Every structure is written in structure tokens, then in C-alpha cells.
Number of protein chains: 2
Amino acid sequence: MSTEAKVPISDAPSQVASPEGSAKSVERILLVAYELFSRRGIRDVGVNELIERSGVAKATFYRHFPSKDSLVLAFLEQRDKLWTVEAIVSQARRQGQTPVERLLAIFDVLGEWFRRDDFEGSTFIQVLLEMGPSHPLGQASINYLAKLRGHVQALAEEAGLVDPAGFARSWQILMKGSIISATGGDLDAGKRARQMAGWLIEHHKA
Amino acid sequence: MSTEAKVPISDAPSQVASPEGSAKSVERILLVAYELFSRRGIRDVGVNELIERSGVAKATFYRHFPSKDSLVLAFLEQRDKLWTVEAIVSQARRQGQTPVERLLAIFDVLGEWFRRDDFEGSTFIQVLLEMGPSHPLGQASINYLAKLRGHVQALAEEAGLVDPAGFARSWQILMKGSIISATGGDLDAGKRARQMAGWLIEHHKA
DNA sequence: AGCGGGAAAGACCGGTCTGTCTCCCCCTGC
DNA sequence: GCAGGGGGAGACAGACCGGTCTTTCCCGCT
């Protein structure tokens, strides 16, 4: 219970600008956390398992992350970058030629993702339901879901659709619903959502 | 750990001595469990809190329910009866005159539910994501969601829609998606889903 | 060669979890 | 009156939780 000597970790509060060997521990922790958290959720993975699987001492873990929640925050940020942006949005942008095609390609990408054997559901939705909308981690999940909605809205604006904000909200209802249905076993959820998404686009054309 | 789904709820005939005293305990436990589970999920509510809030001894709890999971199963069954059937399906059936109106009324009821201050999200989705689709409780949630889909399919058949099974699956995507969006704060999710539901109906008319 | 710091290992802390068991009271049926 | 059982209160077990701290070792720097 020493109240003094709080080691200032001002050298590497963020993830970028890694000085040297210490970054390897952080990277290993984040890698394991990504694996376990995205597959099994937050509450089901304890700190002891995390440090064991990443071959890191507990003190090392807490030197880099002041709490489990802060690791979860870093994980959510990584998930947004690797999954939302790279795996979904950028992939859909590459697959379509026109803005409308790029929008619809989102559900093609989702549909393929549903069929992967390592399909694990949506992290942000799961954390939101696990922790509740008032918990900081639930709030963070809501923010990342809003960020994803921003990508959809940008695509809608490129397509010249009317009311792109409302369009994006309806669009996200289809995304969330198809993800939940896929989690429940409906592998055709992507196809069904894509069909409804087409109607949504039609009704938002000028 | 017994997989026997014996849920002694409101079954008067086979109960031996003291039909009132024991039933009162079970009912009190179920009442508290319904409150706490539907508001905060399964993993966030422990047995100690359940017995304390229901004024019941721990031994009494475990005399009636062999495990916490068996109580959760009883809770899910109650939730299906009270929420799915009475609060949603029957209510929607009462509000609409024609089968199509009764279908669309589902999203009116949902929309009102989203705006209630005690809106707590969908229990079945939450349990499914909390426990995972392979866990017995996740499986039970999937079954109850399929049961709800059956109600929608029945309404679609009454409306004479084509492919009522596929219709019900698409419909449920809208329901799940709007519930998740409402959990994230979008109070207009019911309205948006209802609009898309109307297009879905149009495309399933003969 | 000697020093300092990062990291590993893990004991330890208070608390929580599900589930078992004991003790005692009180109510009911005979 | 009296036995018996249900129920309340709660100690207890064993595991696990997040988080702190000590000890030891190793590696690089001067």
C-alpha cells in the first residue's frame, strides 16, 4: 500500500512510438487479447489467462496497462482498425465499382464472414450488451459503432442519396440484425440483409 | 448439472405437502430473477444477491433449483411467456385489424418499448451473446428466438405472403437490428425498422 | 567489472462466484 | 403433545477475479 513512487508511464501511453524491447511485450499482450476477447468476450477472459498465454509477467502487464479495462479499450481500438476499417469498409470499397455497389458489397463481405469457421460475432455489440450502455466500455463500443455508421454515411453521400444520416442508421439496423441472426446460426443472413439494403437504397435515391 | 429440464412452476397437482409455502418461495425467487436478469443480464447477477433480494435461504434456493442455470432456464421460459407472447405478439395482434397491420404493429409496440425508461434490451440476444451459441443457455435462447420467429411466420401465412419462412427470417433481422440500435441509444429504431418492414411485406405479396 | 533496470515467476490480498452443509426455529398434521 | 419437515440464517469450501508486491534473473550500458 505504498502511496508513493507511482511510476510515471509517460514514455509510452499510446501504442505508437515504441522505444525498444518493451514494445514486444505490449504487442504480445495485444495479440493474445485480440484473439481471446474477440472469440469469447470480455468477461470470460481473465487477466491471469491473458498473461499466461502471452508469456508475460503480471507486473509487466500492469506496467503497460493500468487496468484490464484499459487493455480492453486498446483492444477495441485495434478491433476498429483491423475489422471495421480494413476487413469490412475497405474491402467493400475495393469490391464495388460505383458507390451503390460499394454499399451493397458490405453485405457480401459480411455474408462471407458469417460462413467462416472462426466467425465470432460482433465485438462491439457483444461488449455493449456485456457491460451495458452506461459502462465506459459500453460507451466506447457505442462510439465505435457510430464511427462505423459514419463510414456508411460517407458512402451514402458519395452515392448522392437523400438523408444520408438516416440512411446510415437504417443501414446499420440491417448490419446489426444480420450479425445477430448469423450468430444464432442463420448463414443466409447476409443475403437477406443485402436484399433489404437494396430496397433501402432505392427509397433514398433522389 | 442435471440436464433434466424440470421446472416446478405453478404445478399444483404433483406437489406433496405444503403446496403454498414452497410455491411462495419459488414464486418469489422467479419474480426477483425476472427483475434482475432482464435488467442486468445473467452473469452480472449472483446467487447471493438473488436469495438476499427474495428473502430466501440459500438451501431453499438450491432445493427448488439444482443450479443457477436451471433458474435461468425457468427465467427464459417466463420471459418468453410474459414478453414475447403477451407483451409483443399478442399486443401486436390486438392493435392491427388485418394480418398485414398486425405484422407492422410489431414495430409500433417495439418502438414504444424502446422509449420506456425501464427498457432493458432483449434478454434472448443478451444471453446468446453472453454465453455463446454452444452453451446450453445460448441454445435455449436460440430456440426461443426461433419460437418468436414462428409467431411472425404464422402472421405471414395469415396474410397470404409468399415464402413465409424466409419472410420471418428477414423480419427477425429487422427486429434484432432495431433492438440493438435502441440499446445503443437510437430511439427511432422502431420507426426505421417499420419502414423497411413495409417494403419487405410488399415484396412478399403474391 | 559493476551497476541498473526490465521482465519473469509467483505469492499474496480482498473480494466474488457457485454450491454444500449445519443449526435452529416454526408450522403443520397426527 | 409431539414428531417431522420446510425454511431462514449463514458458515464454509474451493475456485477464480482484478490487482499489488517481492524476489530473482538476465541483459545491456559505461
Side-chain angles (χ1 to χ4, degrees), chain A residues 1-12 18-33 36-37 40-75 127 130-131 135-137, chain B residues 1-3 8 12 14-33 36-37 40-75 130-131 135-137:
Chain A
M1 46 191 286
S2 66
T3 56
E4 108 269 22
K6 266 286 174 63
V7 177
I9 43 176
S10 57
D11 52 347
S18 56
E20 267 183 30
S22 74
K24 259 206 278 201
S25 293
V26 174
E27 283 171 12
R28 251 182 303 156
I29 293 171
L30 275 175
L31 202 72
V32 171
L36 299 185
F37 282 157
R40 289 162 38 196
I42 304 300
R43 306 187 72 156
D44 199 44
V45 180
V47 174
N48 289 318
E49 185 177 359
L50 283 167
I51 65 169
E52 187 187 345
R53 298 274 278 257
S54 53
V56 146
K58 219 174 205 184
T60 306
F61 177 93
Y62 279 102
R63 192 176 302 122
H64 294 299
F65 300 97
S67 67
K68 182 191 175 184
D69 280 10
S70 81
L71 170 66
V72 177
L73 281 178
F75 156 68
V127 174
E130 262 186 332
M131 315 304 291
H135 189 282
L137 295 179
Chain B
M1 324 311 181
S2 69
T3 54
S14 63
Q15 276 290 353
V16 264
S18 72
E20 290 192 2
S22 70
K24 257 203 284 197
S25 294
V26 173
E27 282 171 13
R28 252 182 302 156
I29 293 170
L30 276 175
L31 201 74
V32 171
L36 299 184
F37 282 157
R40 288 162 39 195
I42 304 300
R43 305 187 72 155
D44 199 44
V45 180
V47 174
N48 288 321
E49 186 177 358
L50 283 167
I51 65 168
E52 188 187 343
R53 299 275 278 255
S54 53
V56 147
K58 216 173 215 186
T60 307
F61 177 92
Y62 279 102
R63 193 177 301 125
H64 294 299
F65 300 97
S67 67
K68 182 191 175 184
D69 281 10
S70 81
L71 170 66
V72 177
L73 281 178
F75 156 68
E130 262 186 333
M131 316 303 291
H135 190 281
L137 295 179

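In what follows, chains are A, B, ... by sequence order, proteins preceding strands, each numbered from 1. Predicted, not measured: the structure shown is a model, and the values here were computed from it.
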_Between C:dA8 (C1') and A:Ile29 (CD1): distance, integer Å_ = 12 Å
*Taking CZ from A:Arg53 and P from C:dA9, how many angstroms apart are they, rounded to a whole number?*
16 Å
*Output the single nucleotide from D:dG18, D:dA9, C:dT20 whose closest atom is nearest the side chain of B:Ala59.*
D:dA9
*For A:Glu52, does the CD atom sit with more than 12 other heavy atoms under 6.0 Å from it, leaving out its own atoms?*
no
*The side chain of B:Ala57 lies closest to which of these nucleotides: D:dG18, D:dG8, C:dT18?*
D:dG8
*Minimum-distance nucleotide (side-chain atoms of A:Val56 versus D:dG8, C:dA8, C:dT20)*: C:dA8
*Among D:dG8, D:dA11, C:dA7, find the nucleotide with the atom closest to the side chain of B:Arg28.*
D:dG8
*Please determine, for the side chain of A:Asn48, which listed nucleotide (D:dG8, D:dG18, C:dT18) has the closest atom?*
D:dG18
*Of the candidate nucleotides D:dG18, D:dA11, D:dG7, which contains the atom at the shortest distance from the side chain of B:His64?*
D:dG7
*Whole Å only: how far is the CG atom of A:Leu50 from the C1' atom of C:dG10?*
17 Å
*OP1 or OP2 of C:dA7 under 4.0 Å from side-chain N/O of A:Arg63*: yes
*Please give, in whole Å, the distance from D:dC12 P to B:Tyr62 OH?*
19 Å
*asked:* Any heavy-atom pair between the side chains of A:Met131 and A:Arg43 that's under 4.5 Å?
replied: yes
*asked:* Could you go through B:Leu30 and B:Glu27, starting from their C-alpha distance and side-chain angles, then the distance that decides it, and tell me whether this counts as side chain to side chain contact (heavy atoms under 4.5 Å, CB included)?
replied: CA-CA 5 Å; B:Leu30 276 175; B:Glu27 282 171 13; 5.7 Å; no
_Atom-to-atom span, CD1 of B:Ile51 to P of C:dT16 - whole angstrom_ = 14 Å
*asked:* Given D:dG7, C:dT18, C:dA11, identify the nucleotide with an atom nearest to the side chain of A:Lys58.
replied: C:dA11
_Rounded to whole Å, please give me the gap between CD in B:Glu49 and P in C:dG19._
16 Å
_A:Phe61 and its side-chain contact (heavy atoms from CB on, under 4.5 Å) partner, picked from A:Asn48, A:Leu71, A:Val26_ = A:Leu71
*asked:* Can a donor-acceptor pair be found, under 3.5 Å and without considering hydrogens, that links the side chain of A:Lys68 to the backbone of A:Ile42?
replied: yes
*Rounded off to whole Å, could you give me the CZ-to-P distance for the B:Phe61 and C:dC17 pair?*
13 Å
*For atom CD of A:Glu52 and atom C1' of C:dA11, their distance in whole Å*: 16 Å
